[in-house]
Amino acid sequence: MWQKLESNNTTTLNTTAQDSNAKVASSSILVRLLCVLAFVPLLVAVESKPSRTILQNTLTSTLTPPSAPTTKPTSTKPDYTPPPTQDDELGQLSAQDSSFFYKPSPSAWIFGDILHPYIGFGAVSASSTHTHNTQSMSKEVATCPNQKCSGDTTSAEYSGQLNTGYGLEIGAEYFFDKFHILGVRFFGEMTNRNGSLGSKIAGSDKRDTSTNNLQEAYQICKGKWSSGSDKCGILIIGSSTDSKTPNTKVEDTFTFQDTPDASTLAPQDGQYLSFALGADAILNIPVDTILQQWLGFLRQEEFWLSRLAYFKAGGFIGGGAEFARFSQGDPNNKTWYNEAAAKGKASNANDAFFSAGSGGFVRFGVSVYLSRFSRIDFGYKISHYPIAQERWYGYDGRKFESNSPGTVRENDPWSESLLRQKFVSTKDKEWFLRFALSF
């Protein structure tokens with residue numbers, strides 16, 4: 001019996017020990033599963049963490065985890081995007097700045113990206129000239145009306161031409177937008193040409209007698225001398241040359257010569273110079289921008305290539321103020337023969353001619369920009385002002401003597417009259433062709 005009980009107890013203890021061992025094993029497995037589940041999210045987070053990148057101007061590098069084998073870093077070139085404040089020479093639309101007008105940086109003004117200085121040179125066409133000439137005679141005499149004797153006024157018209165010459169222009173262009181569509185041009189211009197004021201137009205001679213006030217003076221010597229065709233009558237009162245009677249007045253009469261007709265020829269070989277300051281309004285078609293943005297041609301990013309791939313065509317209109325002069329000879333080289341003035345005094349024959357004037361002008365035309373550095377201008381210029389010269393010449397009078405009436409009293413200030421001679425000239429429109437270099 002006792003043996004049976006021991007056997008039963010032994011069996012029970014074995015069963016209990018086996019149950020305990022099973023519980024311990026189950027607990028161990030459960031702990032291991034919990035540990036595995038706890039570390040899985042960490043492993044997943046480590047594997048899914050993005051690699052760090054360092055942004056540079058031209059390349060992007062990728063850093064690998066320390067546990068990974070080291071390999072040579074790779075680089076890629078990203079798409080170029082101009083900064084919003086960069087002056088876009090080709091008119092390319094920035095991805096960060098889509099505004100039409102400039103937002104320039106200070107350096108853009110210094111390096112000519114916005115204000116474009118230039119120098120141009122080229123040809124100026126021939127143009128016709130028209131000259132109006134007037135001449136009058138006068139003398140201050142106490143016995144004439146208003147103490148001034150005046151004769152007839154003569155006039156004539158001349159037609160001439162300025163030859164083809166050359167022009168020089170210096171200025172700067174400013175554009176309001178990055179596509180260089182709207183702009184303004186400030187310039188200074190000089191032209192040089194030779195030419196002639198021409199010859200007298202047939203039938204243009206005129207004589208105006210309404211300015212003649214000599215009738216009263218003619219009455220003074222009426223009856224004293226009636227021979228000849230010269231007009232007599234100017235009375236000059238001067239001091240007596242007799243020392244015994246110094247206060248006695250004496251009378252001296254002479255003839256007042258008719259105002260001569262205009263010369264047959266105006267100056268024939270002169271130089272025409274003009275100097276102008278003005279401004280133009282510019283309107284361009286951005287051909288290069290159209291090709292680059294919409295068609296994908298001529299897109300360049302390099303400094304020099306971007307300026308060579310620059311092509312625009314447009315028009316301009318403007319004007320300004322101008323000074324001009326026409327001259328033939330000089331005081332030391334009198335090459336102009338003054339036919340009319342020579343009739344009154346031989347010393348008037350050879351003279352220098354100088355006329356000048358100033359006023360406004362208008363010009364318009366087309367421009368073609370071949371690159372950022374060069375363009376061609378073709379246009380017309382219309383001046384709205386005359387140039388003029390007025391000269392005074394001594395004109396000898398004639399004696400009043402019964403035995404030799406009408407002889408010239410040479411170099412006699414008492415009988416000498418004043419010849420006023422005036423030339424007023426205008427020129428027709430002209431065209432110009434100019435090549436400009438921009439900086």
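Remember, it's a predicted structure, so these values are computed and weren't measured experimentally. Numbers here simply count residues along the sequence, with the first being 1.
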Item checked: Side-chain donor-acceptor pair present, S125, T164, cut-off under 3.5 Å -> no

Check: Does NZ or CZ of R363 lie under 6.0 Å from the centre of the six-membered ring of Y380, at an angle within 45° of the ring axis?
Finding: no

Check: If we ignore angles and hydrogens, is there a donor and acceptor under 3.5 Å between the side chains of N333 and T335?
Finding: no

Check: If you round to the nearest 0.5 Å, how far is CG of L197 from CD of Q161?
Finding: 12.0 Å

Note to self: Side chains of N133 and E157: any donor to acceptor distance under 3.5 Å?
What the structure shows: no

Notebook entry, point to check: If every non-hydrogen atom of K200 is compared with every non-hydrogen atom of A262, which pair is closest and at what distance?
Noted result: NZ-O, 3.0 Å

Next item on the list: Kindly give the heavy-atom pair with the smallest separation between G329 and A352, and that separation in Å.
Entry: C-CB, 3.9 Å

Check: What is the minimum heavy-atom distance between R193 and S127, and which atoms define it?
Finding: NH1-OG, 3.1 Å

Next item on the list: Identify the two heavy atoms, one from Y385 and one from A324, that lie closest to each other, and give their separation to 0.1 Å.
Entry: OH-CB, 3.3 Å

Checklist line | Residue pair T211 / T153, side-chain donor-acceptor N/O under 3.5 Å | finding: yes

Notebook entry, point to check: Is there a side-chain contact between I282 and F175 (heavy atoms, below 4.5 Å)?
Noted result: yes

Notebook entry, point to check: Are any of the side-chain heavy atoms of R391 and R420 separated by less than 4.5 Å?
Noted result: no

Note to self: Applying the side-chain contact (heavy atoms from CB on, under 4.5 Å) criterion to D280, which one of F186, F364, F187 satisfies it?
What the structure shows: F187

Check: Which heavy atom of A341 sits nearest a heavy atom of N348, and at what distance?
Finding: O-ND2, 3.2 Å

Next item on the list: Output the distance between atom OG1 (T259) and atom CG (N212), rounded to the nearest 0.5 Å.
Entry: 7.5 Å

Note to self: I'd like to know whether R434 forms a salt bridge (Lys or Arg N to Asp or Glu O under 4.0 Å) with E189, so could you lay out the CA-CA distance, the side-chain angles of the two residues, the decisive distance to 0.1 Å, and finally the verdict.
What the structure shows: CA-CA 11 Å; R434 193 161 294 142; E189 178 191 40; 3.2 Å; yes

Notebook entry, point to check: Angle class for the F353/F423 ring planes (parallel below 30°, perpendicular above 60°, tilted otherwise)?
Noted result: perpendicular

Checklist line | Spacing of CD belonging to E140 relative to SG belonging to C149, to within rounding of 0.5 Å | finding: 10.0 Å

Item checked: Any side-chain heavy-atom pair of I181 and L283 under 4.5 Å -> yes

Note to self: Are T289 and K312 packed together at the side-chain level, in the sense that at least one heavy-atom pair is separated by less than 4.5 angstrom?
What the structure shows: yes

Margin query: Just by distance, no angles: are the side chains of Y337 and D351 close enough, under 3.5 Å, to form a donor-acceptor pair?
Written below: no

Next item on the list: Begin with the C-alpha distance, continue with both residues' side-chain angles, and end with the deciding distance and a verdict on salt bridge (Lys or Arg N to Asp or Glu O under 4.0 Å) for D208 and K206.
Entry: CA-CA 7 Å; D208 182 10; K206 294 181 181 179; over 6 Å; no

Margin query: Do L265 and S199 have side chains that approach each other closer than 4.5 Å (heavy atoms only, starting at C-beta)?
Written below: yes

Next item on the list: Determine whether K427 and L162 make a side-chain contact, defined as any pair of heavy atoms from C-beta on separated by less than 4.5 Å.
Entry: yes

Next item on the list: Using a cut-off of 6.0 Å, state whether more than 12 heavy atoms not belonging to K345 lie near its atom NZ.
Entry: yes

Check: If you measure only the distance, is there a donor-acceptor pair under 3.5 Å linking the side chains of E339 and T264?
Finding: yes

Note to self: Could you report the tightest heavy-atom contact between S155 and T134, atom names first, then the distance?
What the structure shows: CB-CG2, 4.0 Å

Next item on the list: Give a yes-or-no answer on whether the side chains of S327 and R325 include a donor-acceptor pair shorter than 3.5 Å.
Entry: yes

Margin query: With a 4.5 Å cut-off on side-chain heavy atoms, are P286 and H180 touching?
Written below: no

Next item on the list: Would you give the length of the straight line joining atom CD of Q271 to atom CG of N163, rounded to the nearest 0.5 angstrom?
Entry: 12.0 Å

Notebook entry, point to check: Hey, what do you get for OH (Y174) to CG (L115), rounding to the nearest 0.5 Å?
Noted result: 9.0 Å

Next item on the list: Answer yes if the side chains of E173 and Y369 hold a donor-acceptor pair under 3.5 Å, and no otherwise.
Entry: yes

Next item on the list: For the pair F121 and F435, name the ring-plane relationship: parallel under 30°, tilted 30 to 60°, perpendicular over 60°.
Entry: perpendicular

Check: Is the closest side-chain donor-acceptor distance between Y158 and H132 under 3.5 Å?
Finding: no

Checklist line | From OG (S383) to CD (E322), nearest 0.5 Å | finding: 4.5 Å

Check: Can you find a heavy atom in the side chain of E169 that is under 4.5 Å from one in the side chain of F432?
Finding: no

Margin query: Does I285 have more than 12 heavy atoms from other residues, nucleotides or ligands lying within 6.0 Å of its CD1?
Written below: no

Next item on the list: Before giving the answer on side-chain contact (heavy atoms from CB on, under 4.5 Å), spell out for Q389 and S425 the whole-Å C-alpha distance, their side-chain angles and the decisive distance to 0.1 Å.
Entry: CA-CA 9 Å; Q389 172 193 261; S425 303; over 6 Å; no

Next item on the list: Check whether the ring centres of Y393 and Y395 lie less than 6.0 Å apart, and answer yes or no.
Entry: no

Item checked: Check against side-chain hydrogen bond (donor to acceptor under 3.5 Å, both in side chains), D261 and Q135 -> CA-CA 8 Å; D261 290 329; Q135 299 179 130; over 6 Å; no

Next item on the list: Evaluate the salt bridge (Lys or Arg N to Asp or Glu O under 4.0 Å) criterion for residues D152 and R207: first the C-alpha distance (whole Å), next the side-chain angles of each, then the deciding distance (0.1 Å), finally the verdict.
Entry: CA-CA 7 Å; D152 298 340; R207 181 174 292 270; 3.3 Å; yes

Item checked: Full working for side-chain contact (heavy atoms from CB on, under 4.5 Å) between T129 and Y272 -> CA-CA 11 Å; T129 63; Y272 184 91; over 6 Å; no

